[in-house]
Asker: 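What follows is a single structure, and I will ask about it in a moment.
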Protein chains: 2
Amino acid sequence: MNALFYAVPVASILALTFAVIFYCQMKKEDEGTPTMKRIAQFVREGAMAYLKQQYKVVIIVFAVLAIFFAVLAYGFGVQNPWVPFAFLTGGLFSGLAGYVGMKTATFASGRTANACRKSLNGGLKIAFRSGAVMGLTVVGLGLLDIAIWFIVLNAFYPASEAQNLVIITTTMLTFGMGASTQALFARVGGGIYTKAADVGADIVGKVETDLPEDDPRNPATIADNVGDNVGDVAGMGADLYESYCGSILSTMALGASAFYAVSPEMQMKAVLAPMLIASVGVLLSILSIFTVRTKEGAGMAQLLKSMSFGTNLAAILSGVATFGILALVFGTQSSDWWHFSFSVVSGLAAGVIIGKATEYYTSHSYKPTQKLAEASKTGPATVIINGVGLGMVSTAIPVIAIVCAIVLSYLFAIGFDVQNMMDAANLSKGLYGVAIAAVGMLSTLGITLATDAYGPIADNAGGNAQMSELDPEVRERTDVLDALGNTTAATGKGFAIGSAALTALALLASYIEEIKIAIDRIPGALINGVNAASASIQDVLAEFNVSLMNPAVLAGVFVGSMMAFLFCGLTMNAVGRAAQKMVVEVRRQFHEIKGILTGEGTPDYKRCVEISTKAAQHEMLVPSLIAIIVPVIVGIVLGVAGVLGLLIGGLGAGFVLAVFMSNSGGAWDNAKKYVEEGHCGGKNSECHHATVVGDTVGDPFKDTSGPSLNILIKLMSMVSIVMAGLTVGCHLL
Amino acid sequence: MNALFYAVPVASILALTFAVIFYCQMKKEDEGTPTMKRIAQFVREGAMAYLKQQYKVVIIVFAVLAIFFAVLAYGFGVQNPWVPFAFLTGGLFSGLAGYVGMKTATFASGRTANACRKSLNGGLKIAFRSGAVMGLTVVGLGLLDIAIWFIVLNAFYPASEAQNLVIITTTMLTFGMGASTQALFARVGGGIYTKAADVGADIVGKVETDLPEDDPRNPATIADNVGDNVGDVAGMGADLYESYCGSILSTMALGASAFYAVSPEMQMKAVLAPMLIASVGVLLSILSIFTVRTKEGAGMAQLLKSMSFGTNLAAILSGVATFGILALVFGTQSSDWWHFSFSVVSGLAAGVIIGKATEYYTSHSYKPTQKLAEASKTGPATVIINGVGLGMVSTAIPVIAIVCAIVLSYLFAIGFDVQNMMDAANLSKGLYGVAIAAVGMLSTLGITLATDAYGPIADNAGGNAQMSELDPEVRERTDVLDALGNTTAATGKGFAIGSAALTALALLASYIEEIKIAIDRIPGALINGVNAASASIQDVLAEFNVSLMNPAVLAGVFVGSMMAFLFCGLTMNAVGRAAQKMVVEVRRQFHEIKGILTGEGTPDYKRCVEISTKAAQHEMLVPSLIAIIVPVIVGIVLGVAGVLGLLIGGLGAGFVLAVFMSNSGGAWDNAKKYVEEGHCGGKNSECHHATVVGDTVGDPFKDTSGPSLNILIKLMSMVSIVMAGLTVGCHLL
């Protein structure tokens, strides 16, 4: 094996080591007063109890799927024997990433609140370093799983043979599918949990009773805080673990197949490159994490500057380092090294642009959200209409950015050979360029995720401060940290959503390669008249009549677009139903428990936690399972052409829908904050109530349905890849 | 020319004759009390004034575009000399259809109200026959324009030569583009007008002041009633004129090119078939209109039965007649006649299923809308969340129905020759089958549009009754008629939206044919190595590298999906802005005009009419123009492959988004009506207010953004077709 590979396990161990160090540092801090400890304990227990419940359901699903894969592999021989195990480890590591992140967050939020009693800087340090635990755990576990599987599979299928590298990398894609499956359950289940509690708490607490956020008199407030942890922390951790691994694995798989016809050396280089870019990214992330610090008494502007400095530094260094890494891997004899490096830069640039656009449309420092807040003067209906309009219009810039990234990363990779851009060799190179751009975007996930995960920790610290009835100054400090988190998270979202689109394209190409492998298993089978092993992507498309005018492709595009909407509709309905139950329960408690509003009676927090837990477990199954089942059905009915249509339709509509829902939700949230800061009448005014309605509607938009779409898009692709053998074996059209 | 063709002008004249007869019958009726006359006059004047203003703006746009086409045709020779004129007549006739419909509606609503003073049946008769005027005018003018152009172009390019029939039919597609352009302005402008007034009137009138609908004390009430006419009548008329002509013209164009290689006779038959199906449909519509009548004292159930009987009769007869027509046109020697007939039946079945699904999801006789109404118990936020969820989930059945229609109409057309489904000959035949299915769906538009246009007439009659302070019994009767209209309109919507998807697919094929023609103009040019004239669809796709893995195609799909959202976002924002202005004005009048709420002061209706007029004119330009400009830019930057991606992405996302927005809006509207009928606390309860917020949000969903998407999808295709010469001449990728 190439010696450079060993940088991967080294980077992985380094990341996990620093995660442990930061975790221990955090644990040493004081958790504050007995009340603070009690509340933190309560939230921690609730969160852990839920996660256990969720994992119980997920384990059953995984067991069923693993058995199914085992039957396909051992019974029918349409898959290799490692598939069921790879699938299981992907799920396991994804779950572990979420678990560790959540464990850290629930220990950190009380400590952050306590540190904020002294200074803003102290709070920042704990919250950010705890976020870094999650960031480093995600990338560390991701690289660890990748390194282990690469070593194990290499032992059985020596990578020196070109065909083996294709088998290794496509087998590893099933561990990506495991990660995606677990991530979808975590995002959907966590999303339903947190938003049922949040919406319920807001409707009765804020709108009907004028209680402040996180008021201990609100029975749903503990459930709300638990929800932040299971949704925004554990869900996001699992989500980004799958994004991170997905981008690396799909690029490896594409590299192995794209350069199969060129030479085994080139193939190995193409497989190594994404792993090395990610590994160096880990080092740069750790380095940059240490730059995030402020002087005592620093204001919000300085805090923001410090954090932005860290993430921007990591991104710039990563861009620069890519040139070095790729020169080392590909050598400087040919021009590949700088061609692919510029592909990575195109991806990074698109990520930054999407992040800035997200910030512009959702931060209340800019006009769109301010105007949305103004719309509250004419009531909740105009807030909703304008918010939907804002979100829909905001899709333009991200789409243009991603379109430019796709076209440019492709063209850079083929050295702008536009005349022959679709020749077999150029097509493989170009698509590899698109895939590696996604790896570049996520290479510094270690720090970008730290700035993202830090938000919910600060949010929960605020909750703890409020419930422990600390000095209002503490809450103000945590609010500053929280608001900051919203802004820095925008950049992270840009990278996550942009990389999802590029990764999905790489998976599309991998699907076609997997179809080739499946046919190659049939003795003597030809593809478009060519020997299966040496067929090109174009040959496969021709063999299966994958033309834009094929009715199966068109039917697939319609079904794919519909899937994005159906999935969101089901999750929206789930949140709606659960929130209604929560509202009824909170109203009941206000009505039946005496002295609850004066602080003399104690609300029944447990009942609300139970409602959220039950609803999440019950409601997450259907939307998640259709994501797995529909690609299989489409494959059987409409064949390869239909599946490709499905994936493209789902990608196009899903990406735009995800941006729309996330941005509408973000803007509603911040419009409410803008009013709370004293504009348009301030807190408890009619305008405030109108924006709370907007915020409430936005909750499932931005935290349940919207972010799950990224996973849905990729999971549908991975299921199709894993099921390629079945599709080739039996299909109607 | 084939003698059968003369059925087309005959059917056209017959339709227009009956339209005149029904119009005169309606005009003979009494318009009621002096107050009723005054109010009707006021609404009529407002509507006509707006339409004049709108047409002034549209004329400028048309003049600019016609000059542009003239330059392309006469200056660069990339188009034929008839294009600018065909474009202008399409716009003219579409505008005329809207004008006549609106003129009829504004005369009919007062008379309907007056007839309702005596009996329900009398009101039904006037409203329905007036709706029939619009239905017959649309189909009559459509067939007239088609017949005239076919005769004129035949004189210059005798259809006996195969190449000429291709020129004739593709030239006629530009008149489709003219119709679509006008329709988009009418739908967007009218939609913004009506919803700004409606939303404004509802927010201040219903929510803040608890006034009933159409109360004369509400300053926005006249604007609201004017809006129903310019949006729901004139806008819908122009919209369906473009759908009707679009389906026929695209099938003609596809028929001419698909059977070009077969024989001139077969080609002529394929061009005639859609015109004849439409012509016979006109006769069946007229026949069925006469079956809609009820006995004196009939209840709502009987009324509904009577109307459903009429539309179902027309649909069934049309399905049966198709077999006869196609046997006559194609002859019974080959199996084409019944193959294509079954394609039409697949389309009709899909239309019926979509209609039923629409009814199920949006009518308050069924669970989904009833549950939505129940969500009002927990406030406006859950109403919005559940409504969005309902609309998104409701996309599943229509998508599955349309997917089945596409696949089945294709397979029927090629006699289920699945093994060779993508051979050049089968591809042409199959796509022709999809196209003619759309014609079948719209062939009975004469009567389905009557049941659709009748709704706003009844709605306005109710407005007139309320404002004239007639006996409440009259309002109750008009409400029955209105509610009935909502249900029967669902079927009409199913056919309209389903046919749009199928027509768009046919236009996609026409685009490829037009590219072929454009290349054929270049002396000696080859397509995929074949002589341009004899190249197949597959050759064109290969020549331009139109493969699913081409980054230009993928980029196009993203942009196409985004276009659907951007367009809706812009129109939503337009309504939001205009509604806010309206709310501010109505509040001002309530505040400043003394005695306005006691009925002693007179509201300044004119000011509100002005606000809507200005907003509509101002705001309709940008969304409409981007629909024309973006396909041109994509063509220049990304070439043919990019344009095809754009159209497919726009079609997939646009269709699903349109169903979602229409159904969410419809369900919100009916959930409100359900509460008003006394459920969940009834009128003026908290629940009612919550559902009014839902209804208000739903207004632009279902009457502005949603229905415009159908036109957007087709207009982008038509612009691409007309600009094909330019795309071939200059593109970057």
Side-chain angles (χ1 to χ4, degrees), chain A residues 203 207 375 378-382 384-386 388-389 392-393 395-396 399 402-403 406-407 410 418 422 427 430 505 509 537-538 541 545-551 554-555 557-559 561-562 565-566 568-570 572-573 575-576 579-580 583 644 648-649 652-653 656 660 693 696-697 700 733, chain B residues 203 207 375 378-382 384-386 388-389 392-393 395-396 399 402-403 406-407 410 418 422 427 430 505 509 537-538 541 545-551 554-555 557-559 561-562 565-566 568-570 572-573 575-576 579-580 583 644 648-649 652-653 656 660 693 696-697 700 733:
Chain A
I203 287 179
V207 180
T378 45
T382 44
I384 302 293
I385 291 174
N386 283 285
V388 169
M392 285 180 162
V393 170
T395 60
V399 167
I402 210 69
V403 159
I406 292 168
V407 173
Y410 187 99
V418 177
M422 293 296 288
L427 183 58
L505 286 186
I537 287 182
Q538 303 283 35
L541 294 181
N545 284 318
V546 185
S547 136
L548 278 185
M549 296 314 293
N550 183 337
L554 298 165
V557 170
F558 276 105
V559 176
S561 302
M562 178 268 277
F565 282 82
L566 177 63
C568 286
L570 289 170
M572 291 290 291
N573 279 342
V575 172
Q580 278 171 265
V583 168
L644 279 167
I648 287 178
V656 184
F660 152 52
V693 171
T696 309
V697 172
L733 277 189
Chain B
I203 288 178
V207 180
T378 45
T382 43
I384 303 293
I385 291 174
N386 283 285
V388 169
M392 286 180 162
V393 170
T395 60
V399 167
I402 210 70
V403 159
I406 291 169
V407 173
Y410 187 98
V418 177
M422 293 295 288
L427 183 58
L505 286 186
I537 287 182
Q538 303 282 37
L541 294 180
N545 284 320
V546 184
S547 135
L548 278 186
M549 295 314 294
N550 184 335
L554 298 165
V557 170
F558 277 105
V559 176
S561 302
M562 178 269 277
F565 282 83
L566 177 62
C568 286
L570 290 171
M572 290 290 292
N573 278 342
V575 171
Q580 277 171 265
V583 168
L644 279 167
I648 286 177
V656 184
F660 153 51
V693 171
T696 309
V697 172
L733 279 189

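So that the names make sense, note that chain A is the first sequence line, chain B the second, and so on, each numbered from 1.
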Asker: Chain B heavy atoms under 4.5 Å from A/Leu548: which part of the residue, side chain, backbone, both or neither?
Answerer: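 For A/Leu548, backbone and side chain are both near chain B.
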Asker: Please classify the contact of A/Ile402 with chain B as side chain, backbone, both or neither, using a heavy-atom distance under 4.5 Å.
Answerer: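 For A/Ile402, the contact with chain B is made by the side chain alone.
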Asker: Given that the side chain runs from C-beta out, which part of A/Leu566 has a heavy atom under 4.5 Å from chain B: side chain, backbone, both or neither?
Answerer: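 For A/Leu566, backbone and side chain are both near chain B.
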Asker: Under a 4.5 Å cut-off applied to non-hydrogen side-chain atoms, are B/Val393 and A/Phe565 in contact?
Answerer: no
Asker: Checking heavy atoms, do the side chain of A/Val399, its backbone, both or neither come under 4.5 Å from chain B?
Answerer: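 Contact with chain B involves the side chain of A/Val399 alone.
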Asker: What are the two closest heavy atoms between B/Pro700 and A/Ile385, and how far apart are they?
Answerer: CG-CD1, 3.9 Å
Asker: Once rounded to the nearest 0.5 Å, what's the spacing between atom CE of B/Met422 and atom CG of B/Leu427?
Answerer: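 It is 5.0 Å, given to the nearest 0.5 Å.
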Asker: Which atom names give the shortest non-hydrogen contact between B/Ser547 and A/Gln538, and what distance separates them?
Answerer: OG-OE1, 3.7 Å
Asker: Shorter than 4.5 Å, heavy atoms on both sides: which option in A/Ile648, A/Val557, A/Thr382 has the most such pairs with chain B?
Answerer: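 Of the candidates given, the most pairs with chain B belong to A/Ile648.
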Asker: For A/Tyr410, which atoms come within 4.5 Å of any heavy atom of chain B: side chain, backbone, both, or neither?
Answerer: side chain
Asker: At a 4.5 Å cut-off on heavy atoms, which part of A/Val697 comes close to chain B: side chain, backbone, both, or neither?
Answerer: both
Asker: Counting only heavy atoms closer than 4.5 Å, note whether A/Ile537 contacts chain B via side chain, backbone, both or neither.
Answerer: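 Contact with chain B involves the side chain of A/Ile537 alone.
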Asker: Answer with side chain, backbone, both or neither: which region of A/Leu541 has an atom nearer than 4.5 Å to a non-hydrogen atom of chain B?
Answerer: side chain
Asker: Search all heavy atoms of B/Met392 against all heavy atoms of A/Cys568 and return the closest pair with its distance.
Answerer: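 Taking B/Met392 first and A/Cys568 second, the nearest heavy atoms are SD-CB, 3.5 Å.
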Asker: Taking the side chain as C-beta and beyond, is there a heavy-atom pair between B/Met549 and A/Val546 under 4.5 Å?
Answerer: no
